[in-house]
Amino acid sequence: MTSMYNFKRITVVPNASELKDVVLSKTQRKTPTVVHRQYSIGRIRAFYARKIKFLQQTLHDKLTQIINEFPKMEEIHPFYSDLMNILYDRDHYKIALGQMNTARHLIDGIAREYVRLMKYADSLYRCKMLKRAALGRMVKLLKRQKSSFEYLEQVRQHLSRLPSIDPSTRTLILCGFPNVGKSSFINNVTRADVEVQPYAFTTKALYVGHLDYRFLRWQVIDTPGILDQPLEDRNTIEMQAVTALAHLKASVLFMMDVSEQCDRTIEEQLHLFESIRPLFANKPVLIGLNKVDIRHRGDLPAEKAALLDQLEKEGIPIVETSTLTQEGVMSLRDRACDELLAQRVEAKIQAKKITNIEDSVLNRVFVAYPAPRDEKVRAPFVPPGLAAKRAAKKLAAENVMDVDDVETVGASAGAVSEFRDENMRRLEREIELAMEDDYILDLKKHYMLKNPDEKYDIVPEIWEGHNLADFVDPEIQQKLESLLKEEELLEQAGEYESDLDSDDEETKEKMALALQIREKEKLLTLEHTVNKRIAGRVGSRVHTRKRERSIAVRPAPRDELAFPDEEKRAHVDKLRTKAMRGLRREAKKGEADRHVYDLKPKHLFCGKRGNGKTDWQMAKKRKIDDEKSAEGAPAEKKEKVEKWLKTSEDSGAATTTEKKKKRPWRNKVRKLAAKKAAAEKKTAENPEESMILEASEDVTKKKKKRGPKKKKFKPEVVEKKGDDVTEDSEVVKKWPNHPLREIVRWLQSKPDQQSVFDLGCGEAKIAEAVGEKHKIRSFDLVAVNERVESCDMSKLPAEDGSADIVIFCLSLMGTNLYDFIKEARRVLRIGGILKIAEVTSRFVSIKQFCEAITKMGFEMANRRQLTDYFMMFEFRKIEKVEQKRPYGLKLKPCLYKKR
Ligand SMILES: Nc1nc2c(ncn2[C@@H]2O[C@H](COP(=O)(O)OP(=O)(O)OP(=O)(O)O)[C@@H](O)[C@H]2O)c(=O)[nH]1
Ligand SMILES: [Mg+2]
């Protein structure tokens, strides 16, 4: 019983937006997520319809749970129902639950409607839009019920804190004015810990405590104090006490403060008792005269004592108690319990309640026996006519039974009817009883027909699927007669007399012709019908003749045309399949494939191979050595430099790569795969050559494809391929316009004997080119030849202001750009030039970069875009340093290592 009123079990009511998020994400998680437009439309519809249905079901379940878990006001005990009405307002509560129910119905309706509409959607997009609309409408409904959700959650929280009062168990209720000591009493007799304070309305809600008495469990309810005022004026706190008093079958302990410390006189307290007395009807009531430790009952003035005596005379026991000294507390408790127990036992005996479930229904059935009001006999009145008829009937029946011999019963109906009128006919039942097994039910024997012979005629009711009754015209006879008459009249008038003179020649001819025409017509109709039947169903436009597929003469398959010889064809097929294997594997890869790329280190990537060299590193080294040894006499060298400098922009483009054959590539993936395969093959044969070739091929191809204007060339791509490509290498030669050439040209135009620092010089090509004209010092981290001074570029082994020109040609690497520029500034004289050449793609923002350098103590002298790929800057050192580490001196990481 108690579990029924355990409101703590109600699940938390989520707020509307929270629920919306939860259900939508659940729908997303629990339904399939991948759909493609090439799926059959049925599948797409099912995909989206499933989402709608899932959301509907989730919401339906959630709302149903809420509706079911919250107690129904009609079903719970009146005490709880009233209490809830006081606390939460019955109407509000019902409306909130009703709205949940309405929302549930509406959501079901929306889902049904959209699932139906989904049948008409003809594309993925439409299906998706319908799903979106449906989901949107459903969750919007939730949002509209926001306030109901909030209210129900508040109710739930409050309900869960209500004391679990069992309305059917043994109960003691404490009531009375505030501050009289009710809470103190409950604290004394039970283990409850209700707050006790010396001011009124300390207790604002119902509290429950339990005690054991006579091996039984009792619940004690402490109520908030009640004031003596009309019911309408009572507030929610007081009403809780009133509800408990009104609905719980309990022993009432009306607590009074005899000391009048609660600011209420004995009279006032007794007045309250009288005013709420109707609530105590049929309940044992006791008065607890509390606080006798302060003032004893005997100390009361005579008039007050008389009032109490008066009550006692009425049969209401008064027990003097003191919760402070515990005096009388137990005796009050015991008396209250005893009285309630006695009452309950009595009620039980009266009700003769038997616990057996089977008998429980019988216990409730009550048969009333009317008691005769006097001795007079009141016989029922039978009209004399009816009495006579009955008597006659009885007589007749007796006669029949007398006359009837067993054998005569066979002819029963006829025999009896002889001396019986129509109304006296024997019942079929009687006949059946008399004849027993010989009886045959005959419903037709009493038919009243004009001609009795027709009695057993079989009348078809249904003929050829038609109900004959439908065709029976009640006036058919009259109509027939009128028709006959009309016919007669027509005959008399000579309607049917032939006007044709059959003997006439012309008529005969005409007749013969007409006959021919008719025959011909008949034949034509027949032919037409036959034709139509063959063609298909007659008269239907829908079932027209099926169109036959035209069979075109197709040429033989292409492979057969190409290789008429079967053996050769098979061989080619085999080769093709083998060649395509890799491509197919590649092509099957999708974006979503978890493909682990083949990230082999280089030695594994291009190591072992069939023919040719096996050591690509050694080969590279050999090549460098060869080049070094090739560096001959100064004259030769000069010529080489001149030649190098003359190399124009488009020299790079003029490569002599083989024109690639155009192949019918099906798609990009295959193309790429083929390219990769080709590269691998080449690398395997000759790594170095292949790298160079590939790079140059790239350049050439791009140039050819887009023409001279749109030529696209990415240094990174080129340089990435060959990490260790040097300026002399084929790759660098193909650069449209190497910034180094520009710088050399620029240096050549400068006056002689300038002090030039080439920072990050690589192989010190500048020194090599213009080493005689200027005083050039080349610095780099690694000294590849004797011209290079090995050092850290942020710590140059040079004095302050010793340089006229500092060059960074594609050498601003690393993250400490500030240190490089700072160091360059240090070694430059005032007015000295800082020349920077860098790949355009490395700049995050060119403007910021320039500003940053100028702030570090330079002024911009020149800025130039050298082809699409390089930027060339010229800064002049000034005295003033605006900022030591300005923002913006940033370059993206470079993909090449040496210039
Ligand atoms: N001297 C004395 N004081 C008592 C006795 N019983 C209660 N009090 C005091 O009376 C004051 C009120 O006691 P409560 O038990 O809070 O009274 P209440 O009827 O529950 O009051 P509300 O909850 O406000 O309705 C407290 O200060 C108690 O200490 C008693 O028997 N003797
Ligand atoms: Mg109290």
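As the structure lists them, so they are numbered: ligands from 1, and atoms in each ligand from 1. Model, not experiment: these values are computed from the prediction.
Take the Mg ion (ligand 2) and draw a sphere of radius 2.8 Å; the protein N/O/S atoms inside it number 2.
Nearest to atom 24 (O) of ligand 1 by heavy-atom distance, out of Val180, Thr202, Asn187, is Thr202.
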Derivation of the salt bridge (Lys or Arg N to Asp or Glu O under 4.0 Å) call for Lys182 and Asp222: CA-CA 7 Å; Lys182 300 182 293 296; Asp222 180 18; 5.6 Å; no
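A salt bridge links Arg295 with Glu260; the closest basic N to acidic carboxylate O contact falls under 4.0 Å. A salt bridge is absent between Arg116 and Glu113: the closest approach of a Lys/Arg side-chain nitrogen to an acidic carboxylate oxygen does not fall below 4.0 angstrom. Classification of Asp309 and Arg297 as a salt-bridged pair holds, one side-chain N sitting under 4.0 Å from a carboxylate O. Residues Glu74 and Lys94 are paired through a salt bridge, judged by an N-O separation under 4.0 Å between the basic side chain and the carboxylate.
His158 and Tyr88 share a side-chain donor-acceptor pair at under 3.5 Å. Ser17 and Asn15 share a side-chain donor-acceptor pair at under 3.5 Å.
Atoms of ligand 1 lying under 4.0 Å from any heavy atom of Asp293, numbered from 1 in the order shown and given with element: 1 (N), 2 (C), 30 (C), 31 (O), 32 (N). When each atom of ligand 1 is checked for a heavy atom of Tyr199 under 4.0 Å away, the hits are 24 (O).
At a 4.0 Å cut-off, not a single heavy atom of Phe185 sits close enough to ligand 1 to count as contact.
The aromatic rings of Phe280 and Phe273 sit tilted, their planes meeting at an angle between 30° and 60°.
The shortest N or O to N or O distance between Glu195 and ligand 1 is not under 3.5 Å. In terms of N/O distances under 3.5 Å, ligand 1 is approached by Lys182.
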